[in-house]
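Working notes, beginning with the structure itself.
Counting starts at 1 for both ligands and their atoms, following the listed order.
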Amino acid sequence: MTATVFPLEKFQNLATPFYYYDTALLDQTLRTINEQTAPYPTFQVHYAVKACTNPKVLSHIVSAGLGADCVSGGEIQACLEAGFPARKIVFAGVGKADWEIRLALEAGIGCFNVESVPELEVINELAERQDTEARVCFRINPDVGAHTHSNITTGLAENKFGIAMEDMERVIALAHSMSHIHFSGLHFHIGSQILEMDDFAALCLRINELQDRLEAQGIGPVEHINVGGGLGIDYADPDAHPVPDFKPYFQTYARHLKLRPGQQLHFELGRAIVGQCGSLITRCLYVKEGSRKRFAIVDAGMTELIRPALYHALHRIQNLSSQGHHMNYDVVGPICESSDVFATEYALPETQRGNLLAIRSAGAYGETMASQYNSRRLPDSYTTEDLS
Ligand SMILES: *Cc1c(COP(=O)(O)O)cnc(C)c1O
């Protein structure tokens with residue numbers, strides 16, 4: 001496996017900060033997914049587009065044959081423009097607006113992942129007006145916890161997502177009674193940055209129980225099961241694990257989930273696909289010696305990468321320009337917020353004004369979460385092929 005090699009010469013002439021996508025690594029990740037799912041013909045992998053909607057990144061994912069999981073009308077448009085076949089697009093989210101539902105129906109997307117009864121009613125009504133049928137899955141809240149940050153667990157009863165398990169039969173019966181709804185499956189998603197395969201195994205066991213329960217009442221088997229995404233990446237050492245460990249992930253589902261004959265299994269992976277291929281490249285503006293701290297003030301901030309401020313996420317930072325001896329720095333951005341800090345007491349080779357730094361593992365939930373707070377410009381992006 002190949003660690004990212006940065007084209008430093010090419011970087012020198014570019015305005016910072018910017019995102020750099022190692023598309024060779026992205027392609028290798030996509031190949032690995034296709035290899036690891038090849039033994040299981042009923043497995044279909046969708047890319048959770050919200051992780052990164054950069055069109056250059058999307059085009060590599062389209063080429064690998066993956067489907068797309070969207071959470072907004074804008075994402076559906078981006079996917080159609082990138083060339084994803086409409087039938088391979090699914091649309092999730094707790095608050096779908098009418099225009100977004102209309103857009104999805106017109107495009108003929110594969111499935112709506114529905115999260116409430118009022119939403120189901122609106123989809124039925126809009127489908128009727130467009131004289132079409134909407135394929136729907138219900139997002140079921142499985143009440144399965146995951147060992148991850150509390151802001152990114154989604155499968156507990158207290159979270160806002162999905163339909164409660166006890167309401168499942170009633171909602172399925174309602175869908176069957178609607179003239180412009182085709183009920184096709186069940187959808188789950190328990191959270192993000194999950195590295196314990198036992199969490200996914202727990203989800204499988206819960207799905208087995210629910211399938212047994214439905215079948216005991218003469219419902220199903222449903223056409224497909226969608227288990228969401230959530231596989232995590234190695235933020236601490238991206239070069240040791242540039243491609244996430246997909247084999248045990250897919251094996252966990254193959255071993256624990258009792259798929260019924262003909263049933264398709266959908267995955268929606270975001271971070272695991274794009275996380276490691278992206279880096280945020282930034283320049284050191286100043287080194288400030290405080291009385292107790294040494295600050296490396298860089299030209300990227302929480303406006304380009306909000307994960308450290310939002311989730312206390314720690315990204316590996318590399319000084320690409322210096323081979324000096326290591327010293328500790330607080331690496332901070334220029335934004336007027338105390339939380340605009342990438343790392344504290346972080347060992348870097350001696351860092352000077354003008355040095356280029358790479359903030360690693362920033363491909364997922366990086367560029368897509370960028371904002372213009374402080375009237376900042378949105379960051380540029382380059383891929384391996386742009387700079388070769
Ligand atoms: C965000 C999200 C995903 C992708 O999560 P990752 O942790 O990036 O794999 C998948 N499904 C749904 C419904 C999501 O909201």
Side-chain angles (χ1 to χ4, degrees), residues 26 29-30 33 37 44-54 57-58 61 66-72 74-76 79 88-96 100 104 109-116 119 136-142 144-156 159-163 185-197 199-200 203 207 224-235 243-246 249-250 252-253 265-278 306-307 310-311 313 361-369:
L26 174 59
T29 305
L30 292 164
I33 289 173
T37 51
Q44 275 186 35
V45 180
H46 290 232
Y47 167 56
V49 176
K50 72 175 189 283
C52 178
T53 25
N54 187 298
V57 169
L58 290 182
I61 297 172
L66 272 61
D69 165 47
C70 297
V71 293
S72 74
E75 285 187 359
I76 295 173
C79 285
K88 282 193 174 180
I89 296 176
V90 304
F91 182 18
V94 288
K96 300 178 187 75
E100 295 176 307
I109 65 157
C111 192
F112 289 85
N113 290 337
V114 171
E115 306 213 12
S116 69
E119 179 194 333
V136 308
C137 261
F138 288 119
R139 178 166 182 178
I140 305 296
N141 188 328
V144 169
H147 297 91
T148 185
H149 191 281
S150 62
N151 283 8
I152 51 178
T153 61
T154 55
L156 288 173
N159 296 126
K160 71 176 175 181
F161 299 102
I163 290 167
L186 301 176
H187 173 227
F188 305 86
H189 176 65
I190 55 171
S192 202
Q193 185 53 21
I194 298 168
L195 292 164
E196 307 242 2
M197 294 305 119
D199 291 341
F200 297 118
L203 173 62
I207 297 171
H224 68 263
I225 300 285
N226 181 332
V227 290
L231 177 63
I233 61 171
D234 186 351
Y235 281 98
V243 177
D245 225 350
F246 290 110
Y249 174 73
F250 291 120
T252 298
Y253 283 100
L265 181 60
H266 291 190
F267 296 87
E268 302 168 336
L269 294 166
R271 189 190 314 270
I273 295 176
V274 294
Q276 296 295 37
C277 77
I306 202 174
R307 298 190 68 259
L310 193 59
Y311 308 124
S361 311
Y365 309 106
E367 191 183 1
T368 41
M369 285 194 176

- Heavy atoms, side chains only, cut-off 4.5 Å: are Leu269 and Tyr47 in contact? no
- Item | Asp69: numbered ligand 1 atoms lying under 4.0 Å from its heavy atoms | 10 (C), 11 (N), 12 (C)
- Message: At less than 4.0 angstrom from any non-hydrogen atom of Tyr365, what atoms of ligand 1 do you find?
- Response: 1 (C), 4 (C), 5 (O), 6 (P), 8 (O)
- Among His187, His189, Lys50, Arg271, which residue places a heavy atom closest to atom 2 (C) of ligand 1? Lys50
- Item | Modelled atom types, side-chain donor and acceptor of His224 and Gln44, under 3.5 Å | no
- Query: Taking distance alone, with no angle check, do Gly270 and ligand 1 share an N/O pair under 3.5 Å?
  - Reply: yes
- Query: Under 4.0 Å from any heavy atom of Glu268, which atoms of ligand 1 are there?
  - Reply: 3 (C), 4 (C), 9 (O), 10 (C), 11 (N), 12 (C), 13 (C)
- By salt bridge (Lys or Arg N to Asp or Glu O under 4.0 Å) - contacts of Glu119 (at least two apart): Lys96
- Task: Mind checking side chain to side chain contact (heavy atoms under 4.5 Å, CB included) for Lys50 and listing every partner two or more places apart, or none if nothing turns up?
- Result: Val71, Glu75, Tyr365
- Note on the structure: atom 4 (C) of ligand 1 sits nearest the protein heavy atom Ala48 CB, 3.4 Å
- Message: Distance under 4.0 Å to a non-hydrogen atom of Gly229: what atoms of ligand 1 satisfy this?
- Response: 9 (O), 10 (C)
- How close do Tyr311 and Met369 get, heavy atom to heavy atom, and via which atoms? OH-CE, 3.5 Å
- Please state which part of Ser192 comes within less than 4.0 Å of ligand 1, counting heavy atoms only: side chain, backbone, both or neither. both
- Message: Taking a cutoff of less than 4.0 Å between a non-hydrogen atom of the residue and any ligand atom, is Gly230 in contact with ligand 1?
- Response: yes
- Message: So which atom in Pro244 and which in Gly232 form the shortest heavy-atom distance, rounded to 0.1 Å?
- Response: CB-O, 4.1 Å
- Task: Check whether any side-chain heavy atom of Gln193 lies under 4.5 Å from a side-chain heavy atom of Ile233, and answer yes or no.
- Result: yes
